[in-house]
Amino acid sequence: MGVRTDAAVAWTVARTETRRSLRALLSDRRQLAALGVAILAMAPVLVGAVPSLYLTGRAVANGDVTLSTTVVRGQFVTTFAGLVGLGVIRALERASTVDHADYLLTAISPRALTVGLIGAEFLRTLGVLGPVFLVVYGPFLFGLGAPAMGGVAVLAAVPALAATLTVGYALGLLVRLAGRRFRVTRRRGQLLGILGAVVLVGGTFALTPEALAFVRSPPPVLASFPLSPYADLFVLGTPNAPPVGVETGFGIAVVCSLTVVGLAASIPLSTRLWFGDPNRRTDTADGDGTVSVPGVLSGRPLGRAVFWLWLRGVRAPTGFVHLLYVVFATFPAMGSLAGAEAPLLWLPPVALGVGALFAGATFGLNPLGDEGAALPTVVLAGTAGRTLVRARMAAGIAPLLPPALIIAVVAGVVGPMTLTTAALVVAFGIVLAGFSAALAVGLGTLVPNFESQRVFGVEAVQPTPWAVFGHLFGVGIAALVGFLAIAAPHLFDTPSVAVRVLPVGVVSALLAVVGFVFYRYAIRRVERFTYE
Amino acid sequence: MSSSPAIAADGLTKRYGSTAAVDGLDLSIPRGSVYGFLGPNGAGKTTTMRLLTTLTRPTEGTASVCGDPVTDREAVIEHVGYLPEVPPVYDELTAREGLRYVADLRRLGDVDERIDSYLDRFGLADDADRRIGTYSKGMRQKTALIATVLHDPDVVFLDEPTSGLDPRAARTVRDLISDLADEDVTVFLSTHILPVVEELADTVGVLSEGRLLAEGSPESLRQRVEGGEGSLEDAFLDITDGWE
């Protein structure tokens with residue numbers, strides 16, 4: 001096929017893929033809700049930044065602030081690199097995967113398909129980042145008194161975005177091919193991706209003032225990168241802006257060349273990826289062989305059911321990807337703990353709170369949906385309701401509560417906490433774990449999810465956001481109230497043991513009752529489940 | 001054993017909003033027989049099976065399996081084995097593990113010998129310790145079929161059991177159905193593959209738009225067209241003509 005035909009086909013692919021993404025978003029209430037939450041979370045930040053951006057523009061116009069060419073160029077290089085990283089992640093996550101590949105690859109050329117997929121990614125990213133760019137840059141330009149410069153900025157931003165995504169796409173393909181070359185199985189690849197996400201988000205919480213200063217004032221060496229003069233286009237018209245000249249032209253040439261190089265590399269790489277031998281052995285080499293229920297668990301139906309859950313979980317860890325939400329939610333607590341003056345005082349409640357959260361969330365948040373196609377067999381297996389619910393609670397508590405208890409006990413004994421307080425914290429932690437597990441199965445059966453969906457780039461049946469966030473909220477509040485009930489009597493001078501036990505005792509009793517209601521509800525839901 | 005029919009339904013109806021997926025279905029299927037359940041796509045076959053296996057609640061009417069009403073799940077599931085159209089297997093387990101898991105769920109005790117026997121019979125013995133995720137469609141279906149009959153049910157509901165299978169695998173499934181009938185197990189067989197029904201079924205019911213349009217032996221249905229010289233396929237097309 002000729003270049004013109006391929007270009008036309010690529011444009012069709014890009015438009016169709018973008019339309020599919022948009023329709024998928026609009027028809028999925030969960031995604032819409034997540035988008036709404038993201039907008040609600042981000043909007044105050046963006047809107048709050050508008051006045052200061054406007055004032056910055058005014059200050060630059062008045063000459064009160066002088067934009068440093070070195071800083072602006074360095075920031076452009078940093079942003080460019082960040083967007084290339086985004087392109088890599090997107091290529092790994094989804095963009096380099098073709099739906100109905102067998103059909104498409106026998107109908108159109110790999111070149112057209114590759115360009116079309118990159119084009120679709122460009123349109124999607126433009127749809128997300130474009131409004132953010134306008135909200136950030138617009139007030140600055142108005143403050144500068146040069147709103148017309150917005151047109152130049154937009155014209156400058158579009159090729160830069162295309163270059164970042166194209167280069168990122170090519171690098172993403174390289175990573176996928178390297179994974180195939182080194183026989184990284186799909187499961188391990190997904191695990192690496194999940195770990196990468198954890199490190200990425202954890203890293204943002206660990207950002208030190210020095211790291212933030214790097215973003216504000218990047219090292220001058222970045223301004224000497226060949227593409228950095230491109231940044232001059234974004235500050236065109238500001239006082240002291242470098243004149244457009246040969247240097248700017250060089251920056252433009254570099255950015256445009258990167259797009260061409262990215263495309264030229266992506267086409268053979270994607271062809272190799274799609275048509276190459278996927279090396280099936282690596283996809284199934286995670287070990288065959290049947291294992292039996294170990295003796296310690298084989299004696300009782302509950303033990304055997306727990307074992308099967310563990311076995312399935314270990315062999316299909318992508319089913320735990322929803323735990324990333326829990327991980328991210330606990331980062332602030334971890335961060336506070338790391339920065340606390342007396343970390344050993346805070347360690348027991350934090351360890352038990354986090355342990356309780358995971359004990360419930362790991363196996364409990366989608367008991368019905370997790371059974372997949374086998375659900376009819378499970379439902380029709382007689383006593384499976386009780387077994388299933390109890391097994392899901394025990395499967396989370398058994399491996400996750402003991403480590404939290406050990407940490408809490410050791411920190412309680414070694415740290416500044418009194419032994420009575422430590423004992424109360426540990427006792428409440430056990431109640432909290434039981435409550436967490438019961439709440440999880442209750443919420444999980446109340447709002448089950450049976451559809452496979454992509455979360456953090458992993459395709460799997462996941463609990464609904466309602467279950468995940470409801471559980472986070474419920475256990476979080478319970479932990480807060482419970483540990484406050486332990487701490488509150490210390491406001492009084494030398495409280496008696498009864499005064500110290502009573503508040504946490506009341507909270508524990510309340511959690512036990514509420515937890516039991518959720519537990520009974522879950523059993524009822526499983527035993528009476530019908531397709532309606 | 002009670003003399004009640006294996007499956008009985010009286011005015012069984014399931015509505016979703018204003019749409020009747022199953023509309024006033026009457027059935028009386030004797031024990032030990034094979035009942036072929038035919039119908040075009042969307043006729044209500046799967047909904048009927050779910051109603052009879054307690055997986056869906058009827059809107060109107062009654063039904064029972066071995067004398068137990070389908071509203072009493074605890075009682076009904078003692079009698080039934082159900083193979084849905086999508087094989088109910090866990091990709092991350094091996095066939096042997098999956099079958100042991102089902103045995104655990106049903107509290108069957110030590111059934112390893114029985115599992116081995118079935119695996120051998122279905123030609124899965126050599127692959128029994130491989131993950132089901134690596135299986136072909138036929139192997140998955142055979143594994144699911146073993147799970148369906150492992151507890152010796154009185155009534156087996158099979159939804160498209162031979163769909164997509166190669167001739168050898170399909171033959172194995174047909175042989176099993178035949179053997180089940182010989183062992184006095186009632187088989188409720190839903191399929192689009194009419195020769196299978198023609199070969200195995202004692203009685204055939206034709207469903208369209210939720211209503212039972214015809215019922216009888218394959219021979220009696222064939223008699224309805226072209227002076228009895230037509231095939232079951234001709235009869236099916238004739239009966240459902242104008243209903244789709």
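Here is the naming used below: chain letters follow the sequence lines, and residue numbers restart at 1 for every chain.
Only the backbone of Ala128(B) comes within less than 4.5 Å of a heavy atom of chain A; no side-chain atom from C-beta onward does. Neither the backbone nor the side chain of Thr47(B) comes within contact range of chain A; no heavy atom of the residue lies under 4.5 Å from a heavy atom of that chain. Heavy atoms closer than 4.5 Å to chain A are found nowhere in Glu74(B), neither backbone nor side chain. Tyr90(B) touches chain A through its side chain: at least one heavy atom from C-beta onward sits under 4.5 Å away, while N, CA, C and O do not.
Atom-to-atom distance recorded for Thr387(A):OG1 and Asp104(B):CG is 9.5 Å, nearest 0.5 angstrom. Rounding to the nearest 0.5 Å places CG of Asp112(B) at 7.0 Å from OG of Ser292(A). Distance check, rounded to the nearest 0.5 Å: CZ of Phe529(A) to CZ of Arg73(B) gives 8.5 Å. With values rounded to the nearest 0.5 angstrom, Tyr531(A) atom OH is found 13.5 Å from Leu51(B) atom CG.
In this structure, Glu97(B) and Gly289(A) approach most closely via the heavy-atom pair OE2-O, 3.7 Å. Listed here is the closest heavy atom pair of Pro87(B) and Ala373(A): O-CB, 3.6 Å. In this structure, Pro84(B) and Pro376(A) approach most closely via the heavy-atom pair CG-CG, 3.9 Å.
Put simply, the side chain of Arg106(B) gets close to the backbone of Leu380(A): a donor and an acceptor are under 3.5 Å apart. Side-chain atoms of Arg50(B) never come within 3.5 Å of backbone atoms of Glu532(A) as a donor-acceptor pair (strictly under, hydrogens ignored).
Using a 4.5 Å heavy-atom threshold, the side chains of Arg304(A) and Tyr101(B) count as separate.
Counting heavy-atom pairs under 4.5 Å between each of Ala305(A), Pro301(A), Gly372(A) and chain B puts Pro301(A) at the top. The candidate with the highest count of non-hydrogen atom pairs below 4.5 Å against chain A, out of His151(B), Lys14(B), Glu78(B), Arg100(B), is Arg100(B). Chain A forms more heavy-atom pairs under 4.5 Å with one residue of Thr56(B), Val86(B), Thr148(B), Val102(B) than with any other, namely Thr56(B). No other option in Val291(A), Leu375(A), Val293(A) has as many heavy-atom pairs under 4.5 Å with chain B as Val291(A).
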Thr94(B) vs Arg315(A), side chain to side chain contact (heavy atoms under 4.5 Å, CB included): CA-CA, chis, key distance, verdict: CA-CA 11 Å; Thr94(B) 67; Arg315(A) 289 182 181 173; 4.3 Å; yes
Step-by-step side chain to side chain contact (heavy atoms under 4.5 Å, CB included) determination, Leu55(B) to Thr530(A): CA-CA 5 Å; Leu55(B) 287 169; Thr530(A) 54; 5.8 Å; no
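With a 6.0 Å radius and a threshold of 12 heavy atoms from other residues, nucleotides or ligands, Trp310(A) has its CH2 atom above the threshold.
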